[in-house]
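Working notes, beginning with the structure itself.
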Amino acid sequence: MALIYIIEDDDSIREIEEFALMNAGHKTVGFSCAKDFYKQLSVILPDLCLVDVMLPDESGNEIVRKIRKNSEYKHLPIIMVTAKTTDLDLVKGIEDGADDYIKKPFSIMELISRVKALLRRCEKKELKELELDDLVINNEKRVVTLHNEIIELTFKEYELLSLFVLNKGIVLTRDAIMNQIWGIDYEVESRTIDMHVKTLRHKLKDYGNRIKTVRNVGYLME
């Protein structure tokens with residue numbers, strides 16, 4: 001059972017999310033504004049947060065940015081719930097630090113599956129450390145360093161980079177990436193993978209050029 005915080009100002013949507021997740025065996029706490037959420041966050045950390053983009057006192061994007069800047073909360077898994085569906089909006093959510101997103105309107109099964117997949121990835125045990133030249137992934141501290149400098153990554157970016165390094169020199173198909181990073185419980189749009197790879201490359205700067213696109217197949221870490 002996971003403790004999940006839901007920040008959603010629409011009472012009907014929040015109640016649906018709470019009901020669905022509680023039926024799936026999770027404990028939920030709902031908030032209609034950012035202020036109440038922050039207050040509870042200082043009391044006890046949840047296992048995952050569902051954050052709506054449009055809130056009365058502060059945007060979901062701003063909430064995510066603040067969480068990622070806080071050393072105590074920075075690795076908290078976050079799924080953004082948004083009615084905005086343009087590529088620019090989705091890229092912005094990922095760049096701000098969201099690990100995944102759900103577009104409104106969504107089905108109950110999609111909500112439960114995405115939460116389940118993200119929680120499963122958080123619990124998965126991995127090697128203590130991965131290295132590829134000047135890139136070091138420390139899984140105990142969940143810290144990535146490049147040329148001895150810390151690279152700030154979201155949860156999904158971290159998982160994606162780890163997958164690429166573990167399979168260096170091997171072409172990973174889109175299906176393989178979807179199954180490994182997002183799980184097999186639901187379908188992920190191809191642009192979701194592309195957006196995460198794009199932001200990962202940007203954060204890795206010149207090193208990001210080692211992540212090669214294999215046309216019509218997937219990606220390869222050289």
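Listed for the Asp10 side chain is a donor-acceptor partner under 3.5 Å among the backbone atoms of Ser12. Remark: the backbone N or O of Leu3 is paired with a side-chain donor or acceptor of Asp47 at under 3.5 angstrom. No side-chain donor-acceptor contact under 3.5 Å links Asp57 to the backbone of Cys33. At distances below 3.5 Å, at least one donor-acceptor pair connects side-chain atoms of Arg201 with backbone N or O atoms of Ile211.
If you chain together hydrophobic residues whose side chains sit under 4.5 Å apart, Leu119 and Ile6 fall into the same group. In the hydrophobic cluster analysis, where Ile, Leu, Val, Met, Phe, Trp and Tyr join through side-chain heavy atoms closer than 4.5 angstrom, Leu200 is grouped together with Val197. Following chains of ILVMFWY side-chain contacts shorter than 4.5 Å, one cannot reach Ile150 starting from Leu204, and the two form parts of different hydrophobic clusters. No continuous path of ILVMFWY side-chain contacts below 4.5 Å connects Leu220 to Met178, so the two sit in separate hydrophobic clusters.
At least one side-chain heavy atom of Tyr38 sits under 4.5 Å from a side-chain heavy atom of Lys66. At a threshold of 4.5 Å between non-hydrogen side-chain atoms, the residues Leu161 and Met221 count as touching. Between Asp96 and Arg68 there is no side-chain heavy-atom pair separated by less than 4.5 Å. Within the 4.5 Å cutoff, no side-chain heavy atoms of Lys212 are placed close to those of Val171. Taking the side chain as every heavy atom from C-beta outward, Glu95 and His202 never approach each other to under 4.5 Å.
The aromatic rings of Phe164 and Tyr219 are tilted relative to each other, their planes meeting at an angle between 30° and 60°.
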Exercise. Do Glu157 and Thr199 pass the side-chain hydrogen bond (donor to acceptor under 3.5 Å, both in side chains) test, and can you show the C-alpha distance, the side-chain angles, and the key distance before you say yes or no?
Worked result: CA-CA 8 Å; Glu157 291 167 353; Thr199 58; 2.8 Å; yes
Problem set entry | Criterion side chain to side chain contact (heavy atoms under 4.5 Å, CB included) on Ile63 and Ile78, from CA distance to verdict | CA-CA 10 Å; Ile63 290 175; Ile78 300 173; over 6 Å; no
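The local environment of CG in Asn148 is sparse, with at most 12 non-hydrogen atoms from other residues, nucleotides or ligands closer than 6.0 Å. Summarising the local packing, NZ of Lys203 is surrounded by more than 12 heavy atoms from other residues, nucleotides or ligands at distances under 6.0 Å. In this structure, Asp206 places its CG atom where only 12 or fewer heavy-atom neighbours from other residues, nucleotides or ligands lie under 6.0 Å away. Surrounding NZ of Lys27 are at most 12 heavy atoms belonging to other residues, nucleotides or ligands under 6.0 Å away.
Between Arg65 and Glu62, at least one side-chain N (NZ, or NE/NH1/NH2) sits under 4.0 Å from a carboxylate O, which counts as a salt bridge. Under the 4.0 Å criterion applied to side-chain N and carboxylate O atoms, Lys104 and Glu8 are assigned as salt-bridge partners. A salt bridge does not link Arg114 to Asp99: none of the charged nitrogens lies less than 4.0 Å from a carboxylate oxygen.
For Pro56 against Asp9, the heavy-atom pair with the smallest separation is CD-CB, 3.6 Å.
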